Amino acid sequence: MSSERLFSEAQRLLPGGVSSPVRAIKPYPFYVKSAQGSKIKDVDGNEYIDYCMGYGPLILGHAHPAIKMAVINQLDKGWLYGTPIEQEVALAKEITRYYKGIEMVRFLTSGTDATMSAIRIARGFTGRNKIIKIEGGFHGAHEAVLVKAGSGVATMGMPSSLGIPPEFTKHTLQVPFNDIGAMSQVIDEFKEDTAAIIMEPVMGNVGPILPEGKYLQEVRALTKEHDILLIFDEVITGFRLAMGGAQEYYNVTSDITTLGKILGGGFSIGAVGGRREIMEYVSPAGKVYQAGTFNGNPVSLTAGLATIEVLRSEKVHEKLNGVGNSLRTQLEDIITGKSLDYTVAGIGSMFKVFFGGEVHNYQGALRCDKEKYGQFFHRMHKDGIFLPPSQFETNFLSYAHTQEDIKRTIDAYEVNLS
Ligand SMILES: *Cc1c(COP(=O)(O)O)cnc(C)c1O
């Protein structure tokens with residue numbers, strides 16, 4: 001069946017025809033037949049160079065042979081036990097080796113799970129209620145973090161989704177990214193009842209937007225001063241910017257870290273980790289309740305371990321970040337050559353062309369020309385390049401992208417950017 005036919009059936013059976021909102025590409029999304037390396041093929045006979053990469057997890061590309069073999073070996077032995085396995089000890093060792101701030105870790109099933117647990121742990125540990133998040137920061141789809149943007153600093157957070165009582169979000173405060181003054185002001189007002197700040201150290205869901213100057217260090221100092229826990233949500237950046245994520249890259253350590261995406265090598269996973277004294281609050285060691293049937297899933301742990309092994313033995317980050325730098329320079333040259341008022345953003349293997357001037361925070365990202373980006377997305381799609389359909393989603397390079405892929409991609413930007 002064609003993508004068009006499948007989608008028309010799907011619209012009767014699935015809300016919006018999809019299983020997650022960003023996939024609802026207009027007029028209809030392509031249905032995937034298979035994927036390998038940097039390429040993804042649809043049921044209509046088209047092939048694309050993929051820069052979504054499952055929205056982040058596939059740093060080694062699709063169907064990497066080392067991960068595939070490891071998973072097949074695991075499947076031969078069964079795939080769910082409801083009792084501990086060696087891989088959770090092994091993967092916890094890898095995480096604690098690379099993340100200075102993590103001494104203990106709980107394995108979960110998604111990034112959403114991880115941030116939800118991180119916030120509960122922070123509240124349990126501090127005995128305080130409020131959290132501060134960054135405007136436009138995405139931490140999954142749960143009550144505490146689905147809060148409307150732009151409602152003004154230091155006011156009660158209002159739900160950004162139907163189905164969430166305002167009482168559930170009133171403890172969530174928001175501040176703009178890269179604005180230590182605004183954060184300091186909110187902390188001054190609410191420090192007695194603030195448990196934690198949760199933030200993506202590099203914003204990945206409205207950008208990428210990088211922390212500027214000493215912003216992360218200043219946030220770290222401010223949280224220390226007021227005994228507020230700092231949660232780095234590294235679900236995107238963990239194992240992507242470096243083995244130790246953005247914390248290694250920027251040399252700033254958080255109290256609690258959330259991981260996901262790459263950690264599962266393309267299988268569903270989440271993890272929350274932190275200092276021992278904090279993590280010992282988690283059940284059954286402590287009184288912050290957390291549990292899950294699929295926690296520490298053998299297949300995901302196995303795929304994660306295989307991914308980390310390849311990242312380490314092939315020094316993937318060094319190479320991949322180099323490709324990212326070169327790609328961004330070439331994109332900048334195209335924009336300069338065409339005298340466009342656009343900005344190339346990104347770091348390491350994350351990149352994006354903002355259809356507007358420099359972006360420092362969420363409000364800046366909102367000023368970009370979404371309509372023009374939409375047209376550009378469709379032109380790239382026709383030329384066999386699969387970018388995220390939203391101006392706000394980051395493009396991801398993988399280790400599987402070849403020099404030829406990059407060249408084709410640059411050529412397509414040259415032709416289609418306007
Ligand atoms: C994707 C993402 C999440 C949610 O992870 P899921 O596995 O989709 O639940 C949380 N935080 C950040 C920064 C993310 O990018």
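Since this is a predicted model, take the numbers as computed values, not measurements. Order of appearance sets the numbers: ligands from 1, and atoms from 1 within every ligand.
Between R106 and D113 there is no salt bridge, since no side-chain N of the basic residue sits under 4.0 Å from a carboxylate O of the acidic one.
Of all the heavy atoms of V235, the ones lying under 4.0 Å from any atom of ligand 1 belong exclusively to the side chain. For N205, every heavy-atom contact with ligand 1 shorter than 4.0 Å involves the side chain, none the backbone. Of all the heavy atoms of E200, the ones lying under 4.0 Å from any atom of ligand 1 belong exclusively to the side chain.
Residue contact check: I236 has heavy atoms under 4.0 Å from atoms 15 (O) of ligand 1. The distance from ligand 1 to the heavy atoms of D233 drops below 4.0 Å at these ligand atoms: 10 (C), 11 (N), 12 (C), 13 (C). Taking every heavy atom of S110 and a limit of under 4.0 angstrom, the matching atoms of ligand 1 come to 7 (O), 9 (O).
No donor-acceptor distance shorter than 3.5 angstrom exists from the side chain of S184 to the backbone of I180, with no hydrogens or angles considered. Side-chain N or O atoms of S300 include one that pairs as donor or acceptor with a backbone N or O of S268 at under 3.5 Å. T343 contributes a side-chain N or O that, together with a main-chain N or O of G357, makes up a donor-acceptor pair within less than 3.5 Å.
Crowding of Y31 atom OH: a count of heavy atoms from other residues, nucleotides or ligands under 6.0 Å exceeding 12.
Taking all heavy atoms of V202, T112, T109 into account, the minimum distance to atom 9 (O) of ligand 1 is reached by T112. Between atom 7 (O) of ligand 1 and the options G56, G137, G111, the minimum heavy-atom separation is to G111.
Residue K261 places a heavy atom under 4.0 Å from ligand 1.
Aromatic ring pairs are classed by plane angle as parallel below 30°, tilted from 30° to 60° and perpendicular above 60°; the pair F376 and F355 is tilted.
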Steps toward salt bridge (charged side-chain N to carboxylate O under 4.0 Å, His left out) verdict (D227, K191): CA-CA 9 Å; D227 288 324; K191 58 185 171 234; over 6 Å; no

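Residue T115 has no N or O atom closer than 3.5 Å to an N or O atom of ligand 1.
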